[in-house]
Each structure stands twice: as structure tokens, then as C-alpha cells.
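Input: a single structure, listed below in C-alpha cells.
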Amino acid sequence: MENLKSFLDKDIFKIVASAAREIGVDAYVIGGYVRDRIMDRETADIDIVAIGSGIELARKVAEKLGDNTRVNYFKNFGTAMLRHHETQMLVVEFVGARKESYSRDSRKPVVEDGTLEDDQNRRDFTINAMAISLQENDYGRLLDPFDGIGDIERKIIRTPLDPDITYSDDPLRMMRAIRFATQLGFTIEEHSFEAIHRNRERIKIVSGERVTDELNKIILADRPSYGFKALEKAGLLQIIFPEFVALKGAETVEGKGHKDNFLHTLQVLDNLSEHTGDLWLRWAAILHDIAKPATKRYDKKIGWTFHSHEFVGARMVPKIFKHMKLPMNEKMRYVQKLVLLHLRPIVLAQEEVTDSAIRRLLFEAGDDIDDLMILCEADITSKNSAKVRRYLKNFILVRRKLVEIEDKDRIRNFQPPVSGELIMETFGIQPCRDVGTIKNAIKDAIIEGIIPNEYEAAFGFMLEKGKELGLRPVGSRQ
Ligand code: ATP
Ligand code: MG
């Protein structure tokens, strides 16, 4: 078998090896780290399996590492997580080798101590079941009982044991299979894929948070559409995210069709992913047309319409976030805002680009304007390349104008040049509707280009507006 000594280039492996020798257990590097080193990928954390107590081994390693080491022990699971700060952040997880047996209604197994072989058998995929020995006599030897190396070469996701049992035991593995396939650009082996399809309903016993964790990793891959298509084909997407599957299909009436919004959205997501690694901007792409099925109408004269799908879509965002166990915080509001505004730049690019329209967009989008532009450009998926070129050209103009107008008028983080306090003081009034009316009128006047975004002009405008409302400045005589 291959010797991967050169892969054990971090000092930590030497330390784990000597700690293991001192307490008399065998230890192996296992799982993701081994896979990623063989594939030459960056990897975040290291998993160590001890043939004996993982907790004891972690304790010994921590003792050797001394300062800068923090260990969390999870006695119930027999695992420990060690963090070490030095030149780099290092996370090492320790676990005792185990054998698992599952009951029908839970993905949490009954666990007993086991051999290395038992431990490799319980791993989800062949490429995740490889181990490298840390014993002195065969330091660096690769233990690869299921030909994980071959599957890496063939680019295949395959379970070590019967896939029906593997997926049924812990249905989260179905999500993981698709996640790894998407991240690595692999294919799920045919029998495995069929087993996922057969066991799809079992995903319901997995907590929403865990499912969403995996979905988010798919979304963060280079080409997320690959994962979404696999999830749909496996029948999982229908269960975990039915609103998205509702986008599928293209209806034709009187010879007029509309585009398949499932495929369109995935293309937008892929396009956008070339420009951003931000999870929430990617979620905005996923949800930008989510209300198209709900707003779809056929009009004899104009064909298919999706009127107000941006408003209805923005209203759907909280419900989807809640049911997907995504955070109900400013991230959600950000996604909601982008869904709501996603048509605005394209409308601008279609028409003459007026300064006031640019100012209004800057005012509404604020600091999210750049993200909105990325979303909108990704949204151009027409097959007509002349049309795409024309839109993109107009977008260059819109972008240039955005910069120009922002430099001049500073609308992005709009601060009213005349405050509510000053309005109240000037007219000697208490907080009331008039204050809001005046403030709004000043803002609108700036956006419409009636006055510049400056104190003097705004103050003068305030006096005029106050007069219209029957207010008089304090100290004036009439
Ligand atoms: P990444 O860290 O990139 O997500 P990974 O392979 O390290 O990939 P982890 O979730 O960190 O994945 O798990 C570490 C290892 O534990 C895996 O490589 C695999 O061997 C095993 N493992 C994790 N989850 C499961 C599971 N649900 N069923 C079986 N084995 C699992
Ligand atoms: Mg890992």
C-alpha cells in the first residue's frame, strides 16, 4: 500500500503519534483530511481516530501542546475537539473507533467500541473512509479498504456498504452525497443514486438545521446548479424546498411559452457565483423569482405575465427562511430587499437612464447597490446574444451613472440635510405629521433634482414647504 508520510507534514501528527504511543493506543488520521490531501484541496480540520479512548488521547496531546490549546470534551459522544493557536488556527477532532447500530426512527446510532475496520465501515463514503497510520512501525501507511483512491480517480461518490442501509440509517448522508458531488465535481455512483431516490422520504427524520447546513454548502460550491439538479432528480428538493421546485416547467398556451424558471434561476445562481462567494447574495439569486408561479397569468394580448412577483416574492422570504431554519435577522432582510428591488436596474437599463431614477435607486438600495447590480447582471440569461450584449452595455452605462451621481449627490447613505429637530425648532412645533411631511418633501426634492443635497438649499425648501402647510418660523412676524 501507498505510504503517505509526506502528507503528514504538520508537526501535530508527530505530537499525536507520540501521545498515542505514551498512552498505548493506536491512532490514525482519517476522513476528510486524508481525502483532501490526496486531492490537493485546502482542508479546515483534522480528524483523528484512536483505537481506544479519543478523549484520553486528546488530553495527552493538549498536555504536550501546552499553552495556546483549548480542548472541549464531549463525554457523551466520546469525542474531543482541540483548538490550537499559533502560526495558524488548527482544529483537531478526536474520536474513539466505534461500531454503530441504528434504529428505524432516529439517525442517532447506538455506539460501541470497535476496531479501525468497524470505524471505517461506519463512514459515509469510500473517499471519506481512508486512514493514515500514525504508528511508529508503519507511519504514513494508507489504509483504504474500499478503494477510495480509485473512486477519487474515477470521480465517484460511493458508500462503503450497501447504499440502501447507509442512507436509511442516517438520511443526512443523502444530502452529504450530493454536497460532496457538487463540491468536488464528482458523480454519484448509479446504485447509490437510486438508493437515495428510494430513501428520499427518510430525510424527514433529519433536523431542518442539518439539512440546511448541507444545502448551504451546495449553494457555496463553484457551480451550485449541479447540486440543485441532483437534489431535484433524487426527489429530495421536493421535500426540503418545495417552493423552489414549483418554479419548474414551462407552460404553453396558444403557442406561447414562457421560460422554465427553475432552470433560469439556476443559471442566474451559477452566473452570480462567478462573481461572489457571499451566501446571502446567492440566496437572493435563488429567491429572486420565487413568486413567479404564484403570480403567473396568461393574457391573450401580451402573453405570459408575472406582475408584482418581486413584491410577492419579498413577502414570501420570511416564511421560507423560517421553514428552512435560516436566520430571521438582518440577513433575511437583506435577501428580502434584493428580491424586492431585483427588477429596478434592468428597467433602468431598458429605458433612458435619468438622474432622478438613479438617485431613487441609490436611495432605496443604499449600500446594497453593488450587490443588486451583480444580481441583475446575472439575471440576464436570454438565449438571444444580441439582446444580452445590449443589456450588458446598458448596465455599464447604469453603473457609470451610479458612480457619477453618488459622487455628486451622496445618496447611498442618505442623511437628511435638515433634521427633524431643526424643523421642529424652526417652526416651534412638537413631533407631528407635518415634520414627516416636510422631511419627505425635502428628500423627494433632492431625488428629483429640484434642489441639491445641501443644507442651504434644503433649509430654504423647508421654509417654503412649511409655509404651504400653514407653519411660520418662530420669531417671524407673520
Ligand atoms: P468537510 O469538513 O469538508 O465538510 P469532511 O469529510 O471532513 O468534509 P465532516 O462532516 O467534517 O466531513 O466529517 C468528518 C468525517 O466523518 C467524514 O470524512 C466521514 O468519514 C465521517 N462522517 C461525517 N458525517 C458522517 C455521517 N453522517 N455518516 C458517516 N460518516 C460521517
Ligand atoms: Mg471535516
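One-based numbering, in listed order, for ligands and for the atoms of each.
- For atom 30 (N) of ligand 1, the closest non-hydrogen atom on the protein side is Asp124 N, 3.2 Å.
- When Glu100, Glu112, Glu117 are each tested for a salt bridge (Lys or Arg N to Asp or Glu O under 4.0 Å) with Arg122, only one passes: Glu100.
- Residue contacts with ligand 1, taken as heavy atom pairs separated by less than 4.0 Å, involve Arg179 solely via side-chain atoms from C-beta onward.
- In Phe180, the part holding a heavy atom less than 4.0 Å from any atom of ligand 1 is the side chain.
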message: Let's go through His264 and His258 carefully: what are the C-alpha distance in whole Å and the side-chain angles of both, what is the deciding distance for ring-ring contact (aromatic ring centres under 6.0 Å, His included) to 0.1 Å, and is it a yes or a no?
response: CA-CA 11 Å; His264 163 70; His258 62 80; over 10 Å; no

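- With ring centers used as reference points, Phe241 lies under 6.0 Å from Phe244.
- Just one of Ile48, Val16, Thr69 meets the side chain to side chain contact (heavy atoms under 4.5 Å, CB included) condition when paired with Val61; it is Val16.
- Of the inter-residue distances, the one linking Leu263 atom CG with Gln267 atom CD reads 9.0 Å to the nearest 0.5 angstrom.
- If you check which protein heavy atom lies closest to atom 12 (O) of ligand 1, you get Arg176 NH2, 3.3 Å.
- When the Mg ion (ligand 2) is compared with the N/O/S atoms of Asp45, atom OD1 turns out nearest.
- Checked against a 3.5 angstrom limit, the closest N/O atoms of Asp47 and ligand 1 fall outside it.
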CA sep, side-chain torsions, deciding dist, call: Asp260, Lys248, salt bridge (charged side-chain N to carboxylate O under 4.0 Å, His left out): CA-CA 6 Å; Asp260 180 321; Lys248 238 188 112 190; over 6 Å; no

task: Kindly determine whether Phe125 and Phe186 satisfy ring-ring contact (aromatic ring centres under 6.0 Å, His included), including the steps that lead there.
output: CA-CA 12 Å; Phe125 306 112; Phe186 281 25; over 10 Å; no

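- The distance from ligand 1 to the heavy atoms of Arg122 drops below 4.0 Å at these ligand atoms: 29 (C), 30 (N).
- Nearest non-hydrogen protein atom to atom 16 (O) of ligand 1 is Arg123 NH1, 3.1 Å.
- The ligand atoms of ligand 1 that sit less than 4.0 angstrom from a heavy atom of Gly31 are 18 (O).
- The ligand atoms of ligand 1 that sit less than 4.0 angstrom from a heavy atom of Lys217 are 4 (O).
- Ring geometry for Tyr33 versus Phe13: interplanar angle of 30 to 60°, hence tilted.
- Not a single heavy atom of Leu172 lies less than 4.0 angstrom from ligand 1.
- In this structure, of Val95, Asp45, Leu184, the residue bringing a heavy atom nearest to atom 2 (O) of ligand 1 is Asp45.
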task: Applying salt bridge (charged side-chain N to carboxylate O under 4.0 Å, His left out), run through Lys319 and Glu243 and close with a yes or a no.
output: CA-CA 11 Å; Lys319 214 176 121 210; Glu243 297 89 341; 5.6 Å; no

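- Residue Arg173 places at least one N or O, backbone or side chain, under 3.5 Å from an N or O of ligand 1.
- Residue Asp170 touches ligand 1 through its side chain alone, judged by heavy-atom distances below 4.0 Å.
- Side-chain atoms of Met324 and Leu215, non-hydrogen and from C-beta on, do get closer than 4.5 Å to each other.
- At a 3.5 angstrom cut-off on N or O pairs, Arg35 counts as close to ligand 1.
- For atom 18 (O) of ligand 1, the closest heavy atom belonging to the protein is Gly32 N, 3.1 Å.
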